[in-house]
Protein chains: 2
Amino acid sequence: MTTHRARSGRVTIHDLAREAGVSVSTVSKALNDNGRMAAETRARIKRIAAEIGFRPNALARGLLSSRSFTIGLLTNDTYGRFTLPVMAGISEALVDHGVSVFLCAIEDDPALGKIHVDAMLDKQVDGIIATGKRIDRSLPVDLAGLPVPVVYAFTAGAPESVTFTADDAQGAALATVWLKKVGRRRLVHITGPEDFVSVRERASAFAKEAGEDAPVHYGVWSESWGHQAIADLWSAGERLPDGIFCGNDQIARGVIDALRERGVKVPDDVSVIGFDNWEILAEQTRPPLTTVDMNLKELGREAGLMVLALAEGRAAEPGLRKLPCKLVVRQSCGGTQID
Amino acid sequence: MTTHRARSGRVTIHDLAREAGVSVSTVSKALNDNGRMAAETRARIKRIAAEIGFRPNALARGLLSSRSFTIGLLTNDTYGRFTLPVMAGISEALVDHGVSVFLCAIEDDPALGKIHVDAMLDKQVDGIIATGKRIDRSLPVDLAGLPVPVVYAFTAGAPESVTFTADDAQGAALATVWLKKVGRRRLVHITGPEDFVSVRERASAFAKEAGEDAPVHYGVWSESWGHQAIADLWSAGERLPDGIFCGNDQIARGVIDALRERGVKVPDDVSVIGFDNWEILAEQTRPPLTTVDMNLKELGREAGLMVLALAEGRAAEPGLRKLPCKLVVRQSCGGTQID
DNA sequence: AAATCATGAGAAAACGTTTTCTCATATTGA
DNA sequence: TCAATATGAGAAAACGTTTTCTCATGATTT
């Protein structure tokens, strides 16, 4: 057994070539199934490579191919509620292709954003995915004119860019139809701030399904707003709702707590449905929350595959792609089957 | 204005050398403040570099220096509640040093773990940080004998490794002392499963401060357990507590809800304190939760700086480093000052 | 005036791969 | 038997940097 380690401590193709008694070019061709070569030689080289644990240096490879098999993920969603599933999807989609992901949290800070973008470019990322908390705000960093493709997920993209988001209207319709399906007729929508595009899209889909006169109450994205909204409705007292579609799970949680405090049974008296399927919240609510899932992981997958495609030079039609939401049935609406 | 772009589309040092009318070696030395050179030449090269937007290719640089200015972050905390702040701290600490972070979510899957570790090594990371959900479990991947330094944060490390975690005992003491300070005398501890090392450390610190006879109730990490525990205590009815130290914020949330349902006022009748400072939950609890913060972001910073130090060849004493927790005072205990 | 020294800048090697040539030998066809 | 072709494998260039070495030129010392 001869020694085969270079000074760097990592096994290089030269060590392998020496060990196998061939040239580095032969080794390279053997391992990449390129070139002409005796099958026996190829097999022997591969065997020895496995034995001594040779793994090609991706830096060297990337230098030559001008592909780094690396993409950058830019996010300002510090808390990560939306970003995390998206990230998981991206990572899952790309790991099979040998692509790694740089995580760059920019916390709404333009200076930090620039630093991260520069660092990514220096490191020759093959592409960038920008992701955020809402589809109608863009990240505080200029991604136009970069030498690599950029895909936007859950954040506003540049004109002529590829952008992915959830189909808010379809999700809201899903929720509203479900409330009707479990027999509810007096529906209300308690949701977030009206300046969110998502809020408006969901509200108008709700109106379409529930009737134009079905009340919509705008507020903020908090439990206490849900609580407050119920207090307001019940103190007004006229034509109390029997089905409540909430703009997110936190609001739904507040709504359910407020109903319980008033002795209103969920789902016996009133059905409540949320939005986001923030599992740790939705599952712990009593009763567990039926809610709309935006399929963020799938959205991440698609974004990952898209940036990969663009990096490989395949063209893609620019524009906003809305991915369908799905219903997650738990117990806060009654009903059991998913369709 | 001559053209200075190479075919790759990115400006290289050769383009810059041509533009400046000097050799590439001179350019390199100029930009890195190395070598001997007329000050005027250096300045001129720097100016032109900025003009044409030259940024050195980190791959090429890394190939030569055998440093990639990249580290890998391995995590199995899919939900990200613990990992996210740690990540933020790591990123924040390293971005100043030009180091980028590969995010590798392995979801408790050994095969996926191996894939990610191999990918990181291929990409010549300068070091790896492993992070998880609890200090007494290790990631399902073998990080021993890797050619790069490994630092563990919030997960069990290999023997002789550098590991960071929060000081559970100190945090629990902080909470218990605070309950006494706001005048509570009949303390109980409602916490998670006893097989967690953290749970046992917190419980024994609680016992030390609250008295060995102060009751400790073990359960699970959920709101409903907090709810249940209060139901049990109040139905037993003997010597009801006036101060409750909860093992995490979710339990505290369940406890507070259960107390409210029984007409017990928080914090007037009973003080409740949580653990984790999971802000989105702690802030939305009514009343907002006083809780113990594990300083995970700071933990991430330290881990980041440590892996950097090790990567640069500086030695560090192996062992478990416990970082202090801090108290975050909101309204669920009464009292106002932090100390 | 000759020898020494400081200065500024370029040439070339190196990092670890992949790829394109080139070339010797073996095989085939007439 | 001689040429044409296949086959196997190596040499060298390339990717974009950094670093070490070399070499003019001009300034300083004897």
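Since the model is a prediction, treat every value here as computed from it, not as a measurement. So that the names make sense, note that chain A is the first sequence line, chain B the second, and so on, each numbered from 1.
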Whole angstrom is fine here: how far is it from CD1 in B:Ile52 over to P in D:dG16?
14 Å
May I have the distance from A:Arg10 (atom CZ) to C:dC15 (atom P), rounded to whole angstrom?
15 Å
Do B:Leu320 and B:Thr165 have side chains that get closer than 4.5 Å, going by heavy atoms?
yes
Could you give the angle between the helix axes at the two ends of the helix from C:dA1-D:dT30 to C:dA30-D:dT1, with five pairs per end, rounded to 10 degrees?
60°
Would you list the protein and nucleotides 6-9 of chain C atom pairs, both N or O, that sit under 3.5 Å from each other?
residue : atom : partner : partner atom : Å
C:dG8   : N7   : B:Arg36 : NE           : 3.2
C:dG8   : N7   : B:Arg36 : NH2          : 3.3
C:dG8   : O6   : B:Arg36 : NH2          : 2.5
C:dA9   : OP1  : B:Thr41 : OG1          : 3.0
C:dA9   : OP2  : B:Ala38 : N            : 3.0
C:dA9   : OP2  : B:Thr41 : OG1          : 3.1

Please confirm whether the shortest side-chain N or O distance from B:Asn34 to OP1 or OP2 of D:dT18 is below 4.0 Å.
no
Can you give the donor-acceptor pairs under 3.5 Å from side chains of residues 27-35 of chain A to other protein atoms, not counting sequence neighbours?
residue : atom : partner : partner atom : Å
A:Ser28 : OG   : A:Asn32 : ND2          : 3.4
A:Asn32 : ND2  : A:Ser28 : O            : 2.9
A:Asp33 : OD1  : A:Lys46 : NZ           : 3.0

Test ring pair (Phe, Tyr, Trp, His ring centres under 6.0 Å) applied to A:Phe164 - qualifying residues, sequence neighbours left out:
none
Distance-only donor-acceptor hits, side chain of residues 54-62 of chain B, under 3.5 Å, sequence neighbours excluded:
residue : atom : partner  : partner atom : Å
B:Arg55 : NH1  : A:Asp118 : O            : 3.4
B:Arg55 : NH1  : A:Asp122 : OD1          : 2.6
B:Arg55 : NH1  : A:Asp122 : OD2          : 2.8
B:Asn57 : OD1  : B:Leu59  : N            : 2.7
B:Asn57 : OD1  : B:Ala60  : N            : 3.3

Pair B:Glu92 + B:Arg301, salt bridge at N-O below 4.0 Å:
yes
CZ of B:Arg42 to CZ of B:Arg47: how many Å apart, nearest 0.5 Å?
15.0 Å
Please give, in whole Å, the distance from D:dT18 P to B:Asp33 CG?
12 Å
What integer distance in Å separates B:Gln124:CD from C:dC15:P?
14 Å
For the residue pair B:Ile129 and B:Leu74, establish whether any side-chain heavy-atom pair is separated by less than 4.5 Å.
no
Base, backbone or nothing for each nucleotide of nucleotides 24-29 of chain C, written B, S, -, heavy atoms under 4.0 angstrom, 5' to 3'?
------
Atom CG of A:Leu59 and atom P of C:dT18: how far apart are they, to the nearest Å?
13 Å
Touch class at under 4.0 angstrom, heavy-atom based, for A:Arg67 against every strand present
nothing
Separation of D:dA14 atom P from B:Asn57 atom CG, nearest Å, is 18 Å
Would you tell me whether A:Lys123 and B:Ser100 have side-chain atoms, one donor and one acceptor, within less than 3.5 Å of each other?
yes
Just N and O in the side chain of A:Asn32: are any of them under 4.0 Å from OP1 or OP2 of C:dT18?
yes
If I take atom CZ in residue B:Arg55 and atom C1' in nucleotide D:dT17, what distance separates them, rounded to the nearest angstrom?
15 Å
Can a side-chain donor-acceptor contact be found between B:Thr75 and B:Thr83 if the only test is distance below 3.5 angstrom?
yes
When rounded to the nearest 0.5 Å, the distance separating CG of B:Leu323 from CG of B:Leu299 is 5.0 Å
Nearest-Å distance for atom pair CD1/P, residues A:Ile13 and C:dG16
11 Å
With a 4.5 Å cut-off on side-chain heavy atoms, are B:Thr131 and B:Tyr152 touching?
no
